[in-house]
Each structure stands twice: as structure tokens, then as C-alpha cells.
Amino acid sequence: MGAGAGAGQGQFFLPFLLLLLLTGTPAPRPAAGQLRYAVPEELEHGAFVANLGEDLGLDVSTLSARRFRIVSRAGARQHLEVNLENGILFVNERIDREEVCEAGGTCLLHLQLLVESPLELYRIEVEVQDINDHAPTFPWQEYVLEVAESAVPGARFPLESAQDPDVGTNSVRTYQLSPNGFFSLEVQTRSDASKFAELVLERPLDREQQHAHRVLLTALDGGVPERSGTAHILVTVLDANDNVPAFDQPSYGVSLPEDAPAGTLVIQLNATDLDEGSNGEIEYSFSGHAPPRVRDLFHVEPRSGQVLLKGPLDYERASLHELYVQAKDRGPSAVAVHCRVLVHLLDVNDNAPEVTLTSVSTPVLEDAPPGTVIAVISVLDRDSGENGRVSCEVSPDMPFELRSSFRNYYTLVTTEALDREAVPEYNVSITARDMGSPALLTRSTLTVPVSDVNDNAPRFLQPSYSVYVTENNAPGASICSVSALDPDCQQNAYLSYSIADGHIHGMPVGTYVSINSDSGHMYALRSLDYEQIRSFQIQVQAQDAGFPPLSANVTVYVFVLDQNDNAPVIVSPMPHNGSVATELVPRSAGPGYLVGTVSAVDADAGSNSRLSYQLLQATDFTLFSVAPDTGELRTLRSFLEQDATRQRLVVQVRDGGQPALSATVSILLSVVENMPQTLSDFSEFSLPPEASSSSPLTLYLLISLGSVSLTFLLAILILMAIRCRGERHSWQGGSCSPPHSPATCLDMPSGGPPGYYKVCLSPESAQSEFMFLKPCSPPRNNEKDPGNLPDVILGSG
């Protein structure tokens with residue numbers, strides 16, 4: 001950065017400022033005051049410049065954590081750097097003032113310092129001080145000056161000036177001439193304070209006596225220590241060419257737009273010479289001390305005096321160029337005269353704005369409140385005036401806006417709540433446009449990822465689940481799978497499944513089913529029985545891994561499907577003592593006579609419990625038939641004399657399952673002439689057809705009653721037998737049983753729902769007594785509680 005560049009930065013960068021950015025507080029505050037330091041050029045790496053930590057009031061121990069750094073433009077050389085351990089600003093690489101600041105004047109380095117958490121921005125200036133590291137130099141080591149012998153004392157001859165890249169007192173201060181008898185030296189000062197020397201003739205020359213004179217010209221600077229440069233001047237005495245060219249004016253000024261193409265005429269110079277012939281022909285050229293930069297940009301036509309543009313101009317690099325042009329005739333003893341041409345460049349809008357992301361805080365939480373700062377953005381336009389004024393904006397359809405409290409510095413903030421599930425990432429287009437005509441613009445895209453927060457609860461794919469499981473399933477078999485989705489991401493979307501606590505028929509739900517917490521697959525832990533449980537429901541919960549965790553519930557309805565796993569059970573007629581059931585039929589019975597009804601039950605449901613009856617075996621198939629739906633056994637015809645008096649029938653009961661299950665009952669029918677008054681097996685146990693079909697419970701109760709009665713009779717018989725044996729033992733022993741001998745209990749299987757009974761006999765009874773009859777064990781799970789049945793107590797006669 002040259003002096004011109006340093007001045008340009010003064011136009012484009014803000015004064016010292018402090019940005020304090022807190023979440024939701026985007027407006028930065030400027031710092032008070034401004035720091036400025038001075039450092040000599042040519043210092044070695046590591047040289048101390050300033051203690052920024054102390055001067056800015058920063059905690060040195062937090063500089064590294066807060067990423068304290070110098071913000072520089074991409075591609076710019078980093079002459080200075082900050083030590084994060086102690087906050088000291090030091091020289092990072094050697095600074096050559098003449099390289100950094102091409103033009104003269106004050107050379108400033110403008111530094112922007114950035115520190116985060118909270119975000120603060122400082123601006124300091126470092127002046128690079130010139131040291132006397134260059135000696136004055138002449139364009140040539142030896143000059144040839146032709147002087148006509150007709151020159152009169154007091155004639156002046158301008159000499160080539162020495163150049164010194166240093167500035168101020170370190171530049172050329174004066175010139176000295178070696179002692180001689182013909183010439184003296186006068187030092188002149190230009191309007192820009194630069195020095196040049198003129199050779200003054202002190203006495204007439206005589207070519208015939210001495211045709212050449214040698215003098216030593218020394219240029220001295222004002223530095224400490226003083227440096228000097230020398231050039232040898234050979235003065236050749238010529239015959240008289242007593243007129244020198246003269247320009248119309250000693251100085252010219254011209255304005256030129258910086259985008260002028262090569263070959264553009266800058267100025268037409270005109271010098272005149274009163275001599276004739278070759279002594280009056282003028283040639284134009286740059287003076288010997290014209291810098292290389294000027295020679296690269298401009299060209300002087302020797303014969304016409306036109307100054308033409310040769311190379312590209314750049315107003316931002318140098319807004320003014322100073323040209324020194326000399327005119328000399330072609331005669332002998334030609335003397336060159338000089339003029340100055342000042343070329344003022346006019347700025348054009350040829351630099352688009354530059355957008356720099358000074359600090360970016362991404363990703364941003366989706367629940368960040370409006371006004372949260374995302375980034376600090378600086379813009380720069382190297383042009384000047386309106387061409388350098390920049391406005392910055394973002395796309396209107398984005399939930400972001402730019403806020404500016406200082407020129408060319410903006411903060412990108414949110415304007416509304418974000419939703420990662422709707423837009424996980426934003427590509428924010430930042431447009432910087434200058435005020436030139438035509439306006440130039442630059443677009444930069446900032447990617448803003450949105451960080452997820454746990455703001456969405458899981459959602460099941462179905463409002464409820466219905467599962468159908470066939471009974472007798474294998475324990476551990478998969479019965480269904482539930483699935484939920486969570487639009488959040490990462491751990492906020494990781495779901496685990498569980499079953500809510502509850503009971504099914506008094507048992508914890510966890511004894512029936514389990515669920516895989518990762519996949520949602522559900523498994524039956526036990527084999528289900530349709531006859532015990534036909535349906536139940538489960539609450540399944542899906543919970544994410546966010547903080548705090550969110551969850552959702554769904555109801556799973558489990559329906560147990562019946563399987564044909566129960567064969568029909570014949571409840572009437574019941575065989576006696578393991579033999580076949582018997583029945584009496586009058587010989588006078590005509591066709592359609594109802595002999596009895598075969599009744600059966602099936603614990604299954606649906607078609608598996610739909611029963612059909614058929615006559616499987618018969619002594620004479622032409623004599624009897626069974627109704628397939630009701631099981632009624634009727635005669636097909638009247639009895640004949642030759643018909644057997646004992647008819648054996650086998651009736652099969654088959655359910656409607658696949659495969660079908662069946663049961664059979666054997667019935668022995670006796671054909672008699674007269675029917676006795678006692679009830680037959682069928683009349684005792686069978687039910688009216690309408691009752692049998694309409695109320696199975698009544699049928700069960702009748703069967704139970706019959707079973708209890710039979711058990712009671714058997715118990716009396718067994719009691720009598722035991723009593724008789726006890727008396728016989730007592731007679732043999734000659735004594736009675738002990739008074740307090742324990743009662744004798746016999747477990748008797750029962751044929752009815754009460755389960756089984758214990759018959760308790762007391763040996764103390766002198767007679768056959770049936771003391772009590774009561775249930776002896778707790779009821780089974782699938783049996784009715786027998787506690788409601790009354791005890792039967794028989795007293796002694």
C-alpha cells in the first residue's frame with residue numbers, strides 16, 4: 001500500500017470502531033478515541049511496535065480464546081502481526097517505506113483488529129517513518145554539457161537532478177560542485193520543494209585555449225548520517241549557437257480520465273528557437289530524471305512535441321503524474337530547456353465493490369430470536385466520491401436483513417424465527433452496489449446452516465394400529481411393527497420405543513408383549529389363547545433423544561384370532577360308569593319319534609364352534625336318523641317284528657374348523673313294549689331344543705347338578721365301606737379310636753364346575769355319619785368359585 005493507497009484506505013475504511021455483538025443485540029457501539037503508532041522502516045522480523053493488549057484494555061489471557069487477529073484484505077501482505085500470548089504488535093516482515101508507499105508524504109498502514117466473544121472491531125494507524133537508507137543518484141554517472149564559447153558570464157545551464165527515494169529531510173538537500181575557475185553552482189527549489197542545480201558561467205570561455213572542462217557534481221541528502229551521490233560533468237566548448245529553445249510556459253496542467261486508452265493525446269507541447277537551420281530544429285524528450293513509472297505510462301514524440309498515453313492509468317494508485325520534458329535544438333552547443341507537465345487523473349467508476357466477511361457465527365440455532373447477529377460484513381470500493389459510495393442489501397425473500405451503524409460496515413441479523421425442518425440451510429446473497437454511473441455491483445453468497453433444536457415430537461405413521469394374532473402362537477414371534485418419524489435431525493431424531501405400563505387381565509402388559517426399542521418390532525412373550533383372551537390394547541411410546549426429550553403415544557389393538565384347537569365335548573347323553581349311554585324306545589313308536597337329543601359344546605368360536613351331527617354307525621341305518629344341526633335322534637320308520645330289540649348307534653359331532661375336530665358318543669337303544677315311569681338318560685339330561693340352542697349356561701348347570709348328585713352317592717358308599725372296616729378293626733383291637741384322631745379326607749373327583757371335593761370322615765362316630773362335604777382346595781383359574789355352594793351336613797339318626 002503506497003501513500004496513495006494509504007490515503008485511499010482512509011476513504012474506504014471507517015474510523016476506529018468497536019462492534020459489541022450479543023445474541024439478539026445487533027447494534028455495535030464505536031470505541032472512543034483512536035490509536036496511532038509510528039515505526040521506522042526496515043526493522044527486522046519480531047521488532048516491537050506496540051502493546052495492543054494494554055493500550056486497548058484487553059485481557060491478555062483471553063486473546064487466543066477470543067481469536068484476536070488483524071483483518072486484512074485477501075492477497076494483501078501482512079507486514080505486522082499480533083502475539084496472542086502478550087498482545088504485542090510486532091513486525092512480521094521487513095517494511096520498505098518506498099515500496100509500500102510509492103508516492104511521498106506520510107505513509108500510513110491502516111489496521112483493522114477483530115476480537116470475538118463478544119465481537120469487537122478496532123482500527124489503528126501505524127505510520128511508517130522514513131530512514132535514510134537511500135543515497136541520491138543521478139540518471140547517468142557522466143554528463144556531457146555543450147556550451148558555446150559565445151556564452152556570456154552569468155549564463156545558466158540546468159543540470160540533471162539527482163533522485164532520492166527517501167522523503168523529508170532524508171531526500172536531496174543540496175548540491176556541491178568541485179572547485180574550478182569557470183563555473184559555479186546555484187541550487188534552486190521547485191514548487192514541490194524538490195532541489196535542482198544550475199551551472200553558472202562565471203567567466204567567458206575560449207575554445208581555442210581549452211575546449212573541455214571537467215567538474216564533479218555532488219548531491220547531498222539531509223539524513224543522519226548524510227549520504228551523497230556524484231556525477232561527472234564534461235563541459236565541451238562549442239562554437240556559438242547563441243539561442244536556446246523556449247516553451248510557451250514553464251508549467252502545464254492537463255486532466256485525463258483514468259480509463260483513457262493507450263495512444264490518447266495528453267498534451268501538445270510547443271517550444272520555439274530563434275536560430276535558423278539545424279540550430280532552430282527542436283527535439284523533445286523526457287528529462288534525464290523522469291522516473292521509470294512515468295516513462296512506462298507516457299511517451300514524448302521527439303519531433304512533434306506530442307505527449308501520448310502509453311500504458312494504463314489507475315486513479316486509485318496515483319491521482320497525479322508529474323512529467324518533466326526537455327526541448328533542445330539540433331545545433332552545436334545545444335542547450336536543453338525544461339518544462340513541467342502535471343497530469344491530473346479523473347476518477348471513473350472502474351472498481352466494483354469488494355465484500356469481506358469479517359466475522360461469521362454459523363451455524364445458527366433455529367430457535368434463535370429475531371435480531372440474532374449472523375455475520376459482520378465490510379464493503380470497500382477503491383473509487384472516490386460517488387463512485388466509492390456503496391450500499392449493501394440482501395435478497396428480500398430471506399429471513400435476514402443488513403443493519404449498518406457505520407459507513408461500509410454491516411451486520412447480518414435474523415428478522416424472524418427459523419425452522420430447520422422447513423429450510424435446513426440458507427444461501428444468503430449479499431449485493432454491494434456503488435453510486436457510480438453506471439453502477440457496479442458485487443454479489444457474495446454466505447451459506448448459513450441452521451442448527452437443529454428438539455422442537456418436534458415424534459409422529460407415528462398411523463393414528464392407531466390393529467394387529468391380528470392367531471392363537472397358539474409361538475412365544476417370541478413377531479406380531480407387528482410400529483414406526484414413528486421425527487423431522488428433527490441427529491440425536492433429536494433418534495427414536496426409542498417402549499410399552500407403557502398397564503395390565504391385561506390383571507397381569508402386567510410386559511408379560512404379554514415386548515418391543516425392540518430401536519426398530520419398533522413387537523413380540524409376543526406368551527402363547528395366546530382365544531378362549532381366555534380375545535383382544536387387548538397396548539400403549540406404545542416413541543421418545544426422541546433430544547433435550548428435553550419429546551414423545552408421542554399410539555394405541556395398538558391386538559385381536560386374537562380363533563384357531564380350531566378345541567374338539568367338541570358331548571355333554572348329553574353321558575355314559576354310565578364308562579359304558580355306553582342307554583335309552584329305551586317303545587316298539588309302538590312311529591316315524592319321527594324323538595328318541596333323544598345329542599348335545600355337545602365347543603370352546604372355539606365362529607365356524608370352529610359350529611357343530612354338525614351325523615350317524616356314524618348303526619345296527620340298522622334305516623331305522624334312525626340324526627338331525628345335522630340340532631342333534632335330535634328320531635325314528636325313520638315304525639319298528640318291525642324282525643328288528644332287533646337292541647340297537648347300537650354311534651353319533652359323531654364335528655365342528656366347522658379346518659381341519660375339523662370331532663367327538664363320538666355310543667348309544668345303546670332298547671326296544672321295549674311298554675315304557676317305564678323312570679326317566680331315561682336322554683330325558684334326564686337332555687334339554688328342550690329351544691333351551692339347548694338358546695342357553696348353554698343352563699345346560700352346564702344341569703350337567704353340574706347331575707355330577708354333584710352322582711358324587712354325593714359315591715361318597716356315601718365309600719363312607720359306609722370305610723366305616724365298616726373301622727368297626728372291624730375296633731373289634732379286633734379291643735379299644736376305640738383315640739378321641740382326637742384326625743379326620744380322614746378323601747379327594748373325590750367331581751363331574752361339575754366346583755372342581756373336586758374332600759370327603760372328611762371322623763372315626764369318632766359310632767355310627768355311619770356323613771359329617772361334612774366341602775371344597776378342599778382353591779378353585780382353578782378357569783373354574784367357578786365353589787365357595788358359594790352350601791356344605792351338606794348329615795346328622796346321626
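Taking NE2 of His521 as the reference point, atom CD1 of Ile479 lies at 12.5 Å (rounded to 0.5 Å). The OG atom of Ser444 sits 5.0 Å away from atom CG of Leu357, with the distance rounded to the nearest 0.5 Å. Annotation: the span from Asn387 atom CG to Leu440 atom CG amounts to 8.0 Å, rounded to 0.5 Å. Atom OG of Ser478 is separated from atom OH of Tyr523 by 5.5 Å, given to the nearest 0.5 angstrom. Rounding to the nearest 0.5 Å gives a distance of 6.5 Å between CD1 of Ile88 and CG of Asn83. Distance OH/Tyr557 to OG/Ser466: 7.5 Å, rounded to 0.5 Å.
Classification of Glu127 and Arg97 as a salt-bridged pair fails, no side-chain N sitting under 4.0 Å from a carboxylate O. The pair Arg69-Glu81 does not meet the salt-bridge criterion, since no charged nitrogen lies less than 4.0 angstrom from a carboxylate oxygen. One finds no salt bridge joining Glu116 and Arg66 here, because no Lys/Arg side-chain nitrogen approaches an Asp/Glu carboxylate oxygen to under 4.0 Å.
No donor-acceptor contact under 3.5 angstrom links the side chains of Asn472 and Asp529, judged on distance only. In summary, the side chains of Ser384 and Asp347 do present a donor paired with an acceptor at a separation below 3.5 Å, with no hydrogens or angles considered. For the residue pair Asn170 / Asp164, no side-chain donor-acceptor distance below 3.5 Å is found, with atom types taken as modelled. Neither side chain, Asp166 nor Ser171, offers a donor N or O lying under 3.5 Å from an acceptor on the other.
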Report the C-alpha separation of Asp488 and Asn456 in whole Å, then their side-chain angles, then the decisive distance to 0.1 Å, and conclude whether the side chain to side chain donor-acceptor pair (under 3.5 Å) test is met. CA-CA 6 Å; Asp488 295 321; Asn456 289 279; 3.0 Å; yes
Are Arg389 and Asp381 close enough, and set up right, to give a side-chain contact (heavy atoms from CB on, under 4.5 Å), and what steps lead you there? CA-CA 7 Å; Arg389 289 184 56 196; Asp381 195 315; over 6 Å; no
Steps toward side-chain contact (heavy atoms from CB on, under 4.5 Å) verdict (Leu320, Leu345): CA-CA 6 Å; Leu320 175 67; Leu345 297 187; over 6 Å; no
Walk me through it: do Arg420 and Glu425 pass the test salt bridge (Lys or Arg N to Asp or Glu O under 4.0 Å)? CA-CA 7 Å; Arg420 189 206 66 83; Glu425 183 179 88; over 6 Å; no
Test log, rule side chain to side chain donor-acceptor pair (under 3.5 Å), inputs Thr555 and Gln539: CA-CA 5 Å; Thr555 301; Gln539 288 291 325; 2.6 Å; yes
Go through His45 and Glu93 one step at a time and tell me if the side-chain contact (heavy atoms from CB on, under 4.5 Å) criterion holds. CA-CA 5 Å; His45 171 77; Glu93 62 177 27; 5.9 Å; no
Walk me through it: do Arg123 and His110 pass the test side chain to side chain donor-acceptor pair (under 3.5 Å)? CA-CA 7 Å; Arg123 184 183 180 199; His110 301 276; 2.9 Å; yes
For side-chain contact (heavy atoms from CB on, under 4.5 Å), just list the numbers for Val554 and Val540, CA-CA rounded to whole Å, side-chain angles, deciding distance to a tenth of an Å, and then say yes or no. CA-CA 5 Å; Val554 70; Val540 177; 4.1 Å; yes
Go through the steps for Asp518 and Tyr494 under the test side chain to side chain donor-acceptor pair (under 3.5 Å), then give the verdict. CA-CA 9 Å; Asp518 295 326; Tyr494 177 77; 2.7 Å; yes
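Side-chain contact between Val343 and Leu323: present, with at least one pair of heavy atoms (C-beta onward) separated by less than 4.5 Å. Residues Leu461 and Ser483 have side chains in contact (heavy-atom distance under 4.5 Å, counting atoms from C-beta outward). Between Leu108 and Val128 there is no side-chain heavy-atom pair separated by less than 4.5 Å. The closest side-chain heavy-atom distance from Val556 to Val482 is below 4.5 Å. The shortest distance between side-chain heavy atoms of His321 and Phe298 falls below 4.5 Å. Between Ile538 and Val558 there is a side-chain heavy-atom pair separated by less than 4.5 Å. When side chains are defined from C-beta on, Ile70 counts as touching Leu89, because their heavy atoms get closer than 4.5 Å. Looking only at side-chain heavy atoms (C-beta outward), Leu550 and Pro458 come within less than 4.5 Å of each other.
Considering every non-hydrogen atom in both Ala439 and Arg433, the closest pair reads CB-CG, 4.0 Å. Considering every non-hydrogen atom in both Val364 and Leu418, the closest pair reads CG1-CD1, 3.7 Å. The shortest non-hydrogen separation linking Asp130 to Val167 is OD2-N, 3.1 Å. Annotation for Asp452 and Leu365: closest pair O-CD2, 4.5 Å, computed over non-hydrogen atoms. Gln541 approaches Phe460 most closely through the heavy-atom pair C-CZ, 4.3 Å. Of all the heavy atoms in Glu471 and Tyr530, the pair that sits closest is OE1-N, 2.8 Å.
Put simply, the side chain of Thr411 gets close to the backbone of Arg403: a donor and an acceptor are under 3.5 Å apart. Looking at Asn408, its side chain never comes within 3.5 Å of a backbone N or O of Leu380 through a donor-acceptor pair. In terms of modelled atom types and a separation under 3.5 Å, the side chain of Glu41 and the main chain of Ile131 share a donor-acceptor contact. No donor-acceptor pair closer than 3.5 Å links the side chain of Asp55 to the backbone N or O of Leu35. Under a 3.5 Å cut-off, the side chain of Thr414 and the backbone N or O of Thr372 do form a donor-acceptor pair. With hydrogens and angles disregarded, a donor-acceptor distance shorter than 3.5 Å links the side chain of Asn92 to the backbone of Gln78. No donor-acceptor distance shorter than 3.5 angstrom exists from the side chain of Ser551 to the backbone of Ala457, with no hydrogens or angles considered. Judged by distance alone, with hydrogens and angles left aside, the side-chain atoms of Asn473 form a donor-acceptor pair with the main-chain N or O of Leu528 at under 3.5 Å.
Ring geometry for Phe559 against Tyr468 counts as parallel: the plane angle stays under 30°, on a 0 to 90° scale with 60° as the upper cut.
With a 6.0 Å radius and a threshold of 12 heavy atoms from other residues, nucleotides or ligands, Arg526 has its CZ atom above the threshold. Heavy atoms of other residues, nucleotides or ligands lying less than 6.0 angstrom from CD of Glu416 number more than 12. Enclosure of atom CD in Glu85 is not indicated, since only 12 or fewer non-hydrogen atoms of other residues, nucleotides or ligands lie within 6.0 angstrom. Crowding of Arg443 atom CZ: a count of heavy atoms from other residues, nucleotides or ligands under 6.0 Å not exceeding 12.
The aromatic ring centroids of Phe400 and Tyr426 lie less than 6.0 Å from each other.
Exactly one of Glu258, Glu316, Glu354 qualifies for a salt bridge (charged side-chain N to carboxylate O under 4.0 Å, His left out) with Arg382. That residue is Glu354. Of the options Asp259, Asp383, Leu313, a side chain to side chain contact (heavy atoms under 4.5 Å, CB included) to Asp350 is made by Asp383 and by none of the others.
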